[in-house]
Amino acid sequence: MLLLFLTAAVLLAPVPRLTPTAMSVPTAPDPAPDPAPAVPAVGRAWPVGVRPPILRGWEPPATTYGRGHRGVDLAAPAGTPVRAVAAGRISFAGRVAGKGVVSVELPGTGDPPLRTTYEPVRTTVKKGDEVEAGEVVGTVEATGSHCTETCVHWGLRRADTYLDPLSLLPPWLLRSGPSRLLPVLGVPLPS
C-alpha cells in the first residue's frame with residue numbers, strides 16, 4: 001500500500017521548470033578554509049623519562065564537546081620529575097578539581113600561542129615563571145590520574161582547540177631506535 005502511495009505521489013507531482021540557472025553546470029563549492037597552522041616541533045624533551053610508554057594516545061573529538069582523549073597519557077611512577085617540553089612561561093600552576101595542573105605557554109608558536117598542560121602534578125613553579133626545555137615543573141602525584149596506573153596526562157591547546165602533543169616533538173625524539181654516529185668529513189683520523 002505504501003509503495004502504491006509513493007508511486008502516485010511521484011507521478012502526480014508537478015514537473016519543475018528548468019531555468020537557465022537550473023540547467024547550468026554546477027560550480028565547485030567554495031574551498032574549505034585553511035586548516036589550523038601546523039604545530040612547530042619546538043619540543044626538546046619528553047615530559048617524563050627518556051621515551052616513556054604511551055598508555056593512551058591522542059583521540060581528537062568529532063565535536064567541541066564530543067568524546068575523545070584530548071592529550072596523551074604517559075606512564076610514570078609517582079614522584080617522577082615532570083619537565084617542560086619546550087621553553088616558555090608558566091600560565092597556570094595550581095589545583096583543578098583536586099588535581100595539580102601546570103600549563104606552559106610557548107612563545108613564538110603563533111597567535112594565540114600554543115599551551116601545554118601536565119596533570120596530576122605537584123607543582124614546583126608558579127604563574128609567570130620562565131622555564132627552559134627540560135626544566136622540572138613538578139613531580140607526578142600518586143593520585144588524581146584517570147589512568148589505570150600512575151601516569152601524567154600531557155595536553156596541547158591553541159586557544160580552545162586541542163591538538164596532538166606528540167606533534168611538538170621532533171622526529172629524532174619520537175624514534176625509539178639507537179642513535180647512529182655519522183663520520184666527520186675532513187677531519188684526519190688519529191694515528
Check: [Y] main-chain N/O paired with [X] side-chain donor or acceptor under 3.5 Å:
X	Y	value
Thr139	Thr80	no
Thr124	Val137	yes
Arg158	Thr161	no
Trp58	Gly155	no
Arg89	Val131	no

Are [X] and [Y] grouped together when hydrophobic residues (ILVMFWY) are joined by side-chain heavy atoms under 4.5 angstrom apart?
X	Y	value
Val152	Val50	no
Leu74	Leu173	yes
Val96	Val121	no

Should the pair Trp154 and Tyr118 be assigned to parallel (<30°), tilted (30 to 60°) or perpendicular (>60°) ring geometry?
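Aromatic pair Trp154/Tyr118 classed parallel.
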
Are Glu105 and Lys127 ion-paired here, with the side-chain N under 4.0 Å from a carboxylate O?
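Between Lys127 and Glu105 there is no salt bridge, as every charged N stays at least 4.0 Å from the carboxylate O atoms.
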
Could you tell me whether Arg70 atom CZ has more than 12 heavy atoms of other residues or ligands within 6.0 Å of it?
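Buried by this count: over 12 neighbours within 6.0 Å.
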
Out of curiosity, Leu55 CG to His153 NE2, how far, rounded to the nearest 0.5 Å?
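Spacing of CG (Leu55) from NE2 (His153) equals 12.0 Å.
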
Report the distance from atom CD1 of Ile90 to atom OG of Ser103, rounding to the nearest 0.5 Å.
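One finds 8.5 Å between CD1 of Ile90 and OG of Ser103.
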
